[in-house]
Protein chains: 2
Amino acid sequence: MLWERAREPHAHRWSLPGGGLGEYEDVETSIRRQLAEKVDVRQLSHVEQLAVFSNPARVPGPRVVATAFLGLVPSHIDPVVPSDTAWHPVDALPATAFDHQAICRRARSRLASKLSYTNLGFALAPPEFTISALRSLYSAALGYKVSATNLQRVLSRRGLLEPTGGTVQPGPSGGRPAALFRFASGEMRITDPFAVLRPPSTRSLGP
Amino acid sequence: MLWERAREPHAHRWSLPGGGLGEYEDVETSIRRQLAEKVDVRQLSHVEQLAVFSNPARVPGPRVVATAFLGLVPSHIDPVVPSDTAWHPVDALPATAFDHQAICRRARSRLASKLSYTNLGFALAPPEFTISALRSLYSAALGYKVSATNLQRVLSRRGLLEPTGGTVQPGPSGGRPAALFRFASGEMRITDPFAVLRPPSTRSLGP
DNA sequence: CCACGTTTTCGACCGATAGGCGAAAACCTG
DNA sequence: CAGGTTTTCGCCTATCGGTCGAAAACGTGG
């Protein structure tokens with residue numbers, strides 16, 4: 001989500017939302033406050049620090065140090081945005097101001113990584129979804145096609161996916177009705193990455 | 001590596017090295033400069049941003065926003081440090097100033113994660129090492145015992161480990177001489193995390 | 001100099017996981 | 001009802017990591 005700068009420097013270029021840090025807030029509170037001017041913050045499903053961008057020349061004039069964030073909104077949310085603000089596909093960004101394109105690249109890379117080895121998917125998905133819809137989300141975020149079979153199996157084995165019982169009617173071209181799933185309640189927080197070298201034989205205990 | 005504060009606030013408590021950001025440097029240049037006062041920066045094998053700590057109350061008095069870094073030094077390096085500075089085991093830190101204990105916890109957690117799913121091990125290891133020594137390094141950094149057999153196999157399969165041909169003589173208690181290894185040249189940079197949902201069948205191409 | 005303990009190394013087996021494929025299920029349209 | 005479409009599911013295979021135990025290669029003490 002970018003907004004078009006009206007004034008110099010970099011007038012008419014697209015810019016990430018943000019602003020100065022208030023005296024009595026931390027950076028996460030600040031970015032949520034800044035974002036509230038553009039979109040309802042209650043719609044944010046995930047916010048995490050990305051990195052500090054501090055090149056002295058990243059903006060003209062006096063030094064500005066930026067703490068960049070990755071913020072996610074579920075796919076079923078289509079927030080109303082001000083007239084100077086619009087959504088853009090991350091693979092086809094317009095001319096951006098300052099180093100905001102680099103920031104977007106970092107965010108995209110972070111998102112792709114975390115989608116692979118955490119359960120962050122719940123932050124992108126609507127409350128209920130079909131496997132096909134989830135596959136589209138993952139493919140778009142990762143930048144390559146993922147197999148629906150595999151996606152369902154991997155997420156199911158991790159205990160993240162549970163069927164709602166409902167189905168959706170097929171489109172006009174036919175096809176089998178798709179089953180609806182949701183992310184398992186209690187799994188709506190970020191898990192640690194799946195360790196490769198695990199502690200010895202602390203096998204998960206049965207019920 | 002901590003240094004003992006001489007002055008209030010938090011006099012006599014142990015503190016992470018650091019300092020103010022200069023006008024014409026970015027944060028990484030700054031932390032390397034600050035660190036140079038404590039230890040030869042050429043000994044640093046890895047430096048990466050950790051997170052921004054910005055709680056308005058994290059230090060008394062005027063607001064201080066800190067960009068925390070994770071910095072690694074190979075295990076065979078034992079840098080000479082100033083008299084007010086000393087190394088401490090991360091599992092048994094002394095009383096620390098401000099939020100520096102939380103920063104250390106974050107750094108430890110980040111190190112453990114990255115050791116598992118990247119090739120960051122090269123930043124901790126000396127140029128040549130035995131599997132046992134590497135196992136000790138990984139165990140200490142991760143906080144739990146890892147299997148020497150597994151460690152060697154995992155790293156070998158990733159193509160990170162190559163034998164030097166040399167061996168070390170066994171200690172006074174005997175035992176088979178241990179073979180020496182090094183990290184494969186060209187693998188001394190951080191790889192991306194190993195994706196769980198990979199792009200479809202881009203099988204690694206043969207020679 | 002030989003039996004024994006110690007440390008390292010290596011092979012074998014097993015379970016879990018992920019990728020790939022194709023058949024079957026369940027729907028639409030004409 | 002035939003043919004096309006989309007989803008779902010089961011099977012097979014490759015790889016990876018955990019575990020175990022045997023073998024290798026050393027030192028020491030009797």
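In the text below, chain A, chain B and the rest are named by the order of the sequence lines, each starting its count at 1. Values below: all heavy atoms of this structure, side chains included; hydrogens, waters and symmetry mates excluded.
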Hey, is the main chain of A/Leu21 close enough, under 3.5 Å, to the side chain of A/Gln34 for a donor-acceptor pair? no
- Query: Does A/His100 reach the main-chain N or O of A/Leu16 with its side chain, forming a donor-acceptor pair under 3.5 Å?
  - Reply: yes
Filtered N/O pairs between nucleotides 9-11 of chain D and protein, under 3.5 Å:
residue	atom	partner	partner atom	Å
D/dC9	N4	A/Thr149	OG1	3.1

- Task: Give a yes/no on whether any side-chain N or O of B/Ser147 is located under 4.0 angstrom from OP1 or OP2 of D/dG18.
- Result: no
B/Leu151 atom CG is separated from D/dC16 atom P, nearest whole Å, by 15 Å
Check whether B/Arg110 reaches the backbone of B/Leu50 with its side chain - one donor and one acceptor, N or O, closer than 3.5 Å.
yes
For A/Ala148, answer base if it contacts any base atom (sugar-phosphate contacts may also be present), sugar-phosphate if it contacts only those atoms, and nothing otherwise; contact means non-hydrogen atoms under 4.0 Å.
nothing
Quiz prompt | Validation row: B/Leu134, B/Leu151 side chains within 4.5 angstrom (heavy atoms) | solution = yes
Rounded to whole Å, CG of B/Leu134 lies from P of C/dT9 at a distance of 12 Å
Closest to the 5' end of DNA chain C, once B/Gly175 and B/Ala178 are matched to their nearest nucleotides, is B/Gly175
Taking A/Arg63 for its side chain and B/Glu25 for its backbone only, find out whether a donor-acceptor pair lies under 3.5 Å.
-> yes
Is it true that a side-chain atom of A/Ser113 and a backbone atom of A/Ser109 form a donor plus acceptor pair closer than 3.5 Å?
yes
Report task. For the pair B/Ser54 (side chain) and B/Val65 (backbone), establish whether a donor and an acceptor sit closer than 3.5 Å, ignoring hydrogens and angles. Result -> no
Rounded to whole Å, the OH-C1' distance (A/Tyr144 to C/dG19) equals 13 Å
When rounded to whole Å, the CG to P distance for the pair A/Leu180 and D/dT6 reads 18 Å
Here the distance between atom P of C/dA18 and atom OH of A/Tyr117, to the nearest Å, is 16 Å
Atom CG of A/Leu160 and atom P of C/dT17 are separated, to the nearest Å, by 12 Å
When rounded to whole Å, the CG to P distance for the pair B/Asn150 and C/dT9 reads 15 Å
Contacts table for residues 160-170 of chain A: side-chain donor-acceptor under 3.5 angstrom, sequence neighbours left out:
residue	atom	partner	partner atom	Å
A/Glu162	OE2	A/Arg182	NH1	3.1
A/Thr164	OG1	A/Gly166	N	3.1
A/Thr164	OG1	A/Leu180	O	3.4

**Message:** Test salt bridge (charged side-chain N to carboxylate O under 4.0 Å, His left out) on A/Asp26 and B/Arg58; report intermediate values, then the result.
**Reply:** CA-CA 10 Å; A/Asp26 61 23; B/Arg58 63 178 290 275; over 6 Å; no
Q) For the base of C/dA18, is there a side-chain donor-acceptor partner from A/Arg157 under 3.5 Å away? A) yes
note: B/Lys145, atom NZ; D/dC20, atom C1'; distance rounded to Å ~ 19 Å
| task | Tell me whether the OP1 or OP2 atom of D/dT8 has a side-chain N or O from A/Arg135 closer than 4.0 Å. | result | no
The correct set of residues in residues 164-173 of chain B placing a heavy atom under 4.0 Å from DNA chain D is B/Pro170, B/Pro172
